[in-house]
Colleague: 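Handing you a structure now.
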Amino acid sequence: MSSLNVEDPIIASQQRNQSLTSRIPLIFSRLHRWNQMDFELAAWQLTYLCLAPKRVYRNVYFHKQTKNTWARDDPAILVLISACLAVTAIAWSLVYSYSLPKVLELVILMVLRDFLLSGILISTVLYYVSNSLLLSPPTHSAPQDAKVEWAYAFDVHTNAFFPLFLTLYLAQLFVVPVILKENWVCLWIGNTIYLAAFSQYIYGVYLGLAALPFLIRTSLLLAPLLPLFVGYVISLLGFNVSRWVLGAYFGS
């Protein structure tokens with residue numbers, strides 16, 4: 001009896017640890033398994049997210065059939081995007097003549113705040129909105145227990161973020177001398193970059209959730225495009241979005 005009493009807390013502790021581990025999405029819990037990451041597939045996905053994003057989501061059905069989950073379990077794409085952000089942060093640091101500590105700070109901000117933390121927040125919103133407003137009534141093709149996984153919502157953010165990264169973080173870098181000038185043409189170029197970047201993100205989110213067969217009314221996810229475009233038109237009256245954002249971001 002005494003040996004059982006000693007073992008019970010150990011077993012209970014192991015069960016709690018297993019329960020906690022099961023709640024962590026696989027894409028995060030496998031970040032330390034470098035030798036198991038498929039970087040070739042991740043690079044292929046990043047390429048087609050820009051060229052033909054619908055093709056990427058066709059693999060979602062295969063993943064569901066083989067692994068019984070809609071979300072990816074390979075964190076290679078997170079590593080690649082984080083590496084791209086780190087390199088871009090260094091390039092921006094050269095533009096603003098940052099010291100080494102400021103360079104490291106910018107890398108951390110871009111990777112953790114701009115990509116991961118914002119992704120966690122947006123994914124949580126998408127998770128609750130999708131499961132509360134967009135679920136279709138139970139049918140043969142959409143069983144009663146069908147719902148959007150939080151990890152899949154984070155996948156949607158990840159996929160939508162990369163085209164935004166290319167436009168907002170990379171393309172904007174090459175036109176900084178232009179968009180900061182005080183004339184209307186430069187204002188138009190800078191503001192159009194932001195319109196394109198966030199339009200790509202919104203459309204990417206829509207594609208990701210529209211790929212799930214048990215969701216309906218996913219066109220509602222395109223609704224933010226209207227206020228985005230209205231704000232863009234109003235900004236052309238004289239508000240330079242690029243100059244304001246870069247001033248707030250880099251403190252200059």
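Just so you know, these numbers use all the heavy atoms, side chains as well, and skip hydrogens, waters and symmetry mates.
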Colleague: Distance from L221 atom CG to S130 atom OG, nearest 0.5 Å?
Modeller: 6.5 Å
Colleague: Could you walk me through whether I90 and V87 satisfy the side-chain contact (heavy atoms from CB on, under 4.5 Å) test, starting with their C-alpha distance in whole Å, then the side-chain angles of each, then the deciding distance to 0.1 Å, before giving a yes or no?
Modeller: CA-CA 5 Å; I90 295 173; V87 173; 5.5 Å; no
Colleague: Shortest non-hydrogen contact from I77 to Q45?
Modeller: CD1-OE1, 4.0 Å
Colleague: How far does CD1 of I120 sit from OG of S118, to the nearest 0.5 angstrom?
Modeller: 8.5 Å
Colleague: Within a radius of less than 6.0 Å around OH of Y128, do more than 12 heavy atoms belonging to other residues, nucleotides or ligands occur?
Modeller: no
Colleague: Taking the inter-plane angle between the rings of Y48 and W44 on a 0 to 90° scale, is it parallel (under 30°), tilted (30 to 60°) or perpendicular (over 60°)?
Modeller: tilted
Colleague: Is there side-chain contact between C50 and L166, with heavy atoms separated by less than 4.5 Å?
Modeller: yes
Colleague: In Å and rounded to the nearest 0.5 Å, what is the CH2 to CG distance from W70 to L212?
Modeller: 5.5 Å
Colleague: Within the distance-only criterion (no hydrogens, no angle test), does the side chain of S242 pair as donor or acceptor with the backbone N or O of G190 below 3.5 angstrom?
Modeller: yes
Colleague: With a 4.5 Å cut-off on side-chain heavy atoms, are F214 and L134 touching?
Modeller: no
Colleague: Which distance, rounded to the nearest 0.5 Å, do you find between the CG of L246 and the CH2 of W244?
Modeller: 11.0 Å
Colleague: Would you say that V156 contacts L209 through its side chain, given a criterion of any heavy-atom pair below 4.5 Å between the two side chains?
Modeller: yes
Colleague: Minimum heavy-atom separation for A146 and L135, please, with both atom names.
Modeller: O-CD2, 3.7 Å
Colleague: Count I, L, V, M, F, W, Y as connected when their side-chain heavy atoms are under 4.5 Å apart, and connections chain through other members. Are I189 and V233 then in the same cluster?
Modeller: yes
Colleague: Do R113 and Y249 meet the cation-pi criteria used here (NZ or CZ under 6.0 Å from the six-membered ring centre, within 45° of the axis)?
Modeller: yes
Colleague: Which class fits the ring pair F154 and W150: parallel under 30°, tilted 30 to 60°, perpendicular over 60°?
Modeller: parallel
Colleague: Of the options L109, I108, V107, which is the one that meets E105 in a side chain to side chain contact (heavy atoms under 4.5 Å, CB included)?
Modeller: L109
Colleague: Do I179 and I234 share a hydrophobic cluster (ILVMFWY, side-chain heavy atoms under 4.5 Å, transitive)?
Modeller: no
Colleague: Taking all non-hydrogen atoms of both residues, which atom of G208 and which atom of Y152 are closest, and how far apart?
Modeller: O-OH, 2.5 Å
Colleague: Out of curiosity, does L187 fall in the hydrophobic cluster containing V185 (side-chain heavy atoms, cut-off under 4.5 Å, transitive links)?
Modeller: yes
Colleague: Should Y194 and Q172 count as side-chain neighbours, where that means a heavy-atom distance under 4.5 Å?
Modeller: yes
Colleague: Under 3.5 Å, is there a donor on one side chain and an acceptor on the other for N191 and R243?
Modeller: no
Colleague: State, with a plain yes or no, whether a side-chain heavy atom of Y232 is found less than 4.5 Å away from one of L228.
Modeller: no
Colleague: Can you tell me which residue among I81, D114, L46, T88 is in a side chain to side chain contact (heavy atoms under 4.5 Å, CB included) with F165?
Modeller: T88
Colleague: For A91 and L173, which heavy atoms make the closest approach, and how far apart are they?
Modeller: CB-CD2, 3.5 Å
Colleague: L180 vs C186, test: side-chain contact (heavy atoms from CB on, under 4.5 Å). Steps then yes/no.
Modeller: CA-CA 7 Å; L180 293 183; C186 296; over 6 Å; no
Colleague: Where the side chain of H157 meets the backbone of F115, is there a donor-acceptor pair that is under 3.5 Å apart?
Modeller: yes
Colleague: Show, in sequence, the C-alpha distance, side-chain angles and deciding distance for L220 and L133, and conclude whether the side-chain contact (heavy atoms from CB on, under 4.5 Å) test is met.
Modeller: CA-CA 10 Å; L220 292 174; L133 299 178; over 6 Å; no
Colleague: I'd like to know if the side chain of D74 reaches the main chain of M37, judged simply by a donor and an acceptor atom lying under 3.5 Å from each other, with no hydrogens or angles considered.
Modeller: no
Colleague: Where is the tightest heavy-atom contact between T69 and E149, given as atom of each residue plus distance?
Modeller: OG1-OE1, 2.9 Å
Colleague: Let me confirm one number: the OG-OH distance from S132 to Y127, rounded to the nearest 0.5 Å.
Modeller: 10.5 Å
Colleague: For A160, does its backbone N or O pair with a side-chain atom of Q200 as donor and acceptor, under 3.5 Å?
Modeller: no
Colleague: Is the number of heavy atoms from other residues, nucleotides or ligands within 6.0 Å of CZ (F229) greater than 12?
Modeller: no
Colleague: Is L104 reachable from Y96 through a run of I, L, V, M, F, W or Y residues, each pair having side-chain heavy atoms under 4.5 Å apart?
Modeller: no
Colleague: Is the F161 ring parallel, tilted or perpendicular to the Y169 ring (thresholds 30°, 60°)?
Modeller: tilted
Colleague: Given side chains that start at C-beta, do those of V176 and W92 come closer than 4.5 Å, heavy atoms only?
Modeller: yes
Colleague: Go through the steps for V148 and L215 under the test side-chain contact (heavy atoms from CB on, under 4.5 Å), then give the verdict.
Modeller: CA-CA 9 Å; V148 178; L215 293 185; 3.8 Å; yes
Colleague: Do you reckon I202 sits in the same ILVMFWY cluster as L121, going by side-chain contacts under 4.5 Å, direct or chained?
Modeller: no
Colleague: Out of curiosity, L112 CG to S82 OG, how far, rounded to the nearest 0.5 Å?
Modeller: 8.0 Å
Colleague: Strictly distance-based, threshold 3.5 Å: is any side-chain N or O of W184 a donor or acceptor partner for the main-chain N or O of L236?
Modeller: yes
Colleague: I want to check something: taking the side chain as every heavy atom from C-beta on, are F162 and T167 in contact at a cut-off of under 4.5 Å?
Modeller: no
Colleague: Given side chains that start at C-beta, do those of S93 and K102 come closer than 4.5 Å, heavy atoms only?
Modeller: no
Colleague: Between L106 and A89, which heavy-atom pair has the shortest distance, and what is it?
Modeller: CD2-O, 3.3 Å
